[in-house]
Amino acid sequence: MPRIPSPLSDARVKAAKKKATAYTIGDGNALYLKVTPDGARYWLSGPTNAQGKRTNVHLGRYPEMSLAEARARMLTYLRPQGSGRCCPR
């Protein structure tokens with residue numbers, strides 16, 4: 001059974017440190033924080049498309065976009081659009 005990540009907190013996002021390679025921290029429900037080797041932090045959403053493949057969508061950069069803003073923006077990518085696709089273009 002897959003491990004379900006615990007929701008991120010603002011303190012955990014601030015504490016994310018750079019490493020030698022880029023890594024992601026999951027918030028659950030297709031929201032991720034990507035930390036790059038230079039210490040930059042980006043919000044990503046990973047909704048699945050109509051074919052069931054995961055698509056990475058760049059939502060914004062932390063701290064310009066807060067955790068609450070990233071969660072709200074991520075929801076727009078999870079709702080099906082009128083064309084039947086989940087991701088707006």
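Everything numeric in this text was worked out from a predicted model, so none of it was measured. Only this structure's heavy atoms are used, side chains among them; waters, hydrogens and symmetry mates stay out.
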Open item on the list: Using 0.5 Å steps for rounding, measure from the NZ atom of K53 to the OG1 atom of T55.
Closed with: 11.5 Å
Open item on the list: Taking the side chain as everything from C-beta on, heavy atoms only, tell me whether D27 gets closer than 4.5 Å to I25.
Closed with: no
Task: Carboxylate-amine/guanidinium proximity below 4.0 Å for D38 and K18 - done: no
Task: Single-linkage hydrophobic cluster, 4.5 Å side-chain cutoff, V57 and M74 together - done: yes
TODO: Write down the atom of H58, the atom of L44, and the distance for their closest heavy-atom approach.
DONE: CA-CD2, 3.9 Å
TODO: Kindly work out whether a path of hydrophobic side-chain contacts (I/L/V/M/F/W/Y, heavy atoms less than 4.5 Å apart) joins L67 to L75.
DONE: yes
Open item on the list: Hydrophobic cluster membership, with links at side-chain heavy-atom distances under 4.5 Å among I/L/V/M/F/W/Y: are Y42 and M65 in one?
Closed with: no
Open item on the list: For a quick test of reading the model, state the closest non-hydrogen atom pair linking V13 to R41 and the distance between them.
Closed with: O-NH1, 3.1 Å
Open item on the list: What I'd like to find out is whether the side chain of K14 reaches to under 4.5 Å of the side chain of S9, using heavy atoms alone.
Closed with: no
Open item on the list: Please check: side-chain N/O of T24 versus main-chain N/O of L33, any donor-acceptor pairing under 3.5 Å?
Closed with: no
Open item on the list: Any non-hydrogen side-chain atom of R12 less than 4.5 Å from a side-chain atom of S6?
Closed with: yes
TODO: Considering non-hydrogen atoms only, spot the tightest contact between L59 and S45 and give its length.
DONE: CD1-CB, 3.9 Å
Task: K17 vs V35 side-chain heavy atoms within contact, under 4.5 Å - done: no
Open item on the list: Would you call the rings of Y62 and W43 parallel, tilted or perpendicular, taking 30° and 60° as the class edges?
Closed with: perpendicular
